[in-house]
There are 2 protein chains.
Amino acid sequence: MIDNMILGFLFKKAMSGYEIKQMMGMSTGYFIDASYGSIYPALKKLEDQGLITAAETVENGKFKKIYTINQAGKAVFLRWLSGPIPLPRRGLEHLLRLFFFGLLPIEQVKELIQNLLADLKAAQAATEGLEPLIKDKADFFEFATQQFGKDFYRFMIQWYQDFLERLEDRV
Amino acid sequence: MIDNMILGFLFKKAMSGYEIKQMMGMSTGYFIDASYGSIYPALKKLEDQGLITAAETVENGKFKKIYTINQAGKAVFLRWLSGPIPLPRRGLEHLLRLFFFGLLPIEQVKELIQNLLADLKAAQAATEGLEPLIKDKADFFEFATQQFGKDFYRFMIQWYQDFLERLEDRV
DNA sequence: TACGCCATGTAAATTGTTACATGATTCC
DNA sequence: GGAATCATGTAACAATTTACATGGCGTA
């Protein structure tokens, strides 16, 4: 997964591991945000597999390794990109919590959901805050990904707000 | 994660590992469906930790281990259940695909999304098919979890259908 | 001079999947 | 008699996170 994400970023532009992480933070960050502990080993592995090549440079005294994707790497990436799109699975841990909330006092459940709503609104605001940063750089699909984030958070907030109301109306 | 899911199921009713998997299949299955390869080792671990106890029985010649949660196990589970609800992360791999679709011919993208839509509709139908099975057994929250699934699939289908239209209107 | 950011990397631990191995019962 | 289902478990592998380790640059 992370391998393909890296190949995808390098497809667009040659970059260092550090830069890849920055790019992720301002684009895919709200749904996938890999750590350096997975990025650097993945880069090494991809280099060993002959899919990317590294150029070591020194800029302003800072040691940097700029990775470039080659034809083999592009082929691997496009094969992955052409496969069937998987349905969303896992990452929906909140549902596991919801599923068992019958075991908790109702007042505590309400509080937990109100906290979730606050977190969702903060995440929504953060995603919207990123929009101006990418607006001129992003292509149609990158922009759509960002849009999905906004729409998804709106859906989640709406759903849990409705749910809270249903919870009140109960009994 | 799987540990807490197991504790939760055992909280409701003493069960075997096999039964836990069946229960998951007809309730949390659409967002979490653990394999036996994770369930059985988890049960063993929880027993070692003194959170559940096993009773070995033979029913109709079939060897069974029925697990029961104890007070310590209930305490651990309720502590987990009372923690803040995490925001949805990962499991949204389709977004990573969408993000890079600018690198693919537009016709191929349309086809991939149409296939995704078909899969989403099948998953939606499957979730709805489960509804009558759980209707009388499920409590308010279990039922809501199922509802979320339906609403979530509806949201996804609507979003990608709109997106396809925007894709057509482009250029 | 100390803090924050730039920049790369390793090691241990965690969490889970897939594939394999075994064997009984039930239904056709 | 054979397939599907019931039922438990192990071993190898995969993917990733956290914490650690290192060091230079810019700036207040």
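Here is the naming used below: chain letters follow the sequence lines, and residue numbers restart at 1 for every chain.
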* Using a cut-off of less than 4.0 Å, is there contact between a side-chain N or O of Ser38(B) and OP1 or OP2 of dT17(C)? -> yes

* dT15(C) P sits how many Å from Trp80(B) CH2, rounded? -> 13 Å

* How would you label the contact of Phe63(A) with the nucleic acid (heavy atoms, under 4.0 Å): base, sugar-phosphate, or nothing? -> sugar-phosphate

* **Nearest-angstrom distance from the residue atom CD of Glu93(B) to C1' of dA15(D)** => 13 Å

* Can you find a side chain N or O atom of Ser35(B) that sits less than 4.0 Å from OP1 or OP2 on dG16(C)? -> no

* To do: Using atom CE of Met5(A) as one end and atom P of dT16(D) as the other, report the distance to the nearest whole Å.
  => 8 Å

* Asked: Quick one: which of Trp159(B), Phe155(B), Tyr153(B) gives a ring-ring contact (aromatic ring centres under 6.0 Å, His included) with Phe155(A)?
  -> Phe155(B)

* When you get a sec, tell me which of dG16(C), dT16(D), dT8(C) is the closest nucleotide to the side chain of Ile2(B)? => dG16(C)

* Asked: Within less than 4.0 Å of OP1 or OP2 of dT5(D), is there a side-chain N or O belonging to Lys62(B)?
  -> no

* Can you tell me how far P of dA19(C) sits from OH of Tyr40(B), to the nearest Å? -> 18 Å

* To do: Report the C-alpha separation of Phe100(A) and Phe77(B) in whole Å, then their side-chain angles, then the decisive distance to 0.1 Å, and conclude whether the ring-ring contact (aromatic ring centres under 6.0 Å, His included) test is met.
  => CA-CA 10 Å; Phe100(A) 289 118; Phe77(B) 177 74; 5.3 Å; yes

* Would Asp151(B) and Arg154(B) pass as an ion pair if we require N to O under 4.0 Å? -> yes

* Asked: Any donor and acceptor pair, going by atom type alone, linking the side chain of Asp119(B) with main-chain N or O of Pro86(A) inside 3.5 Å?
  -> no

* To do: Report yes if a side-chain nitrogen or oxygen of Tyr18(B) is closer than 4.0 Å to either non-bridging phosphate oxygen (OP1 or OP2) of dC6(D); otherwise report no.
  => yes

* Whole angstrom is fine here: how far is it from CG in Leu43(A) over to C1' in dA7(C)? => 13 Å

* dT16(D) C1' sits how many Å from Lys21(A) NZ, rounded? -> 12 Å

* Asked: Does a nitrogen or oxygen in the side chain of Lys65(A) sit under 4.0 Å from OP1 or OP2 of dG9(C)?
  -> yes

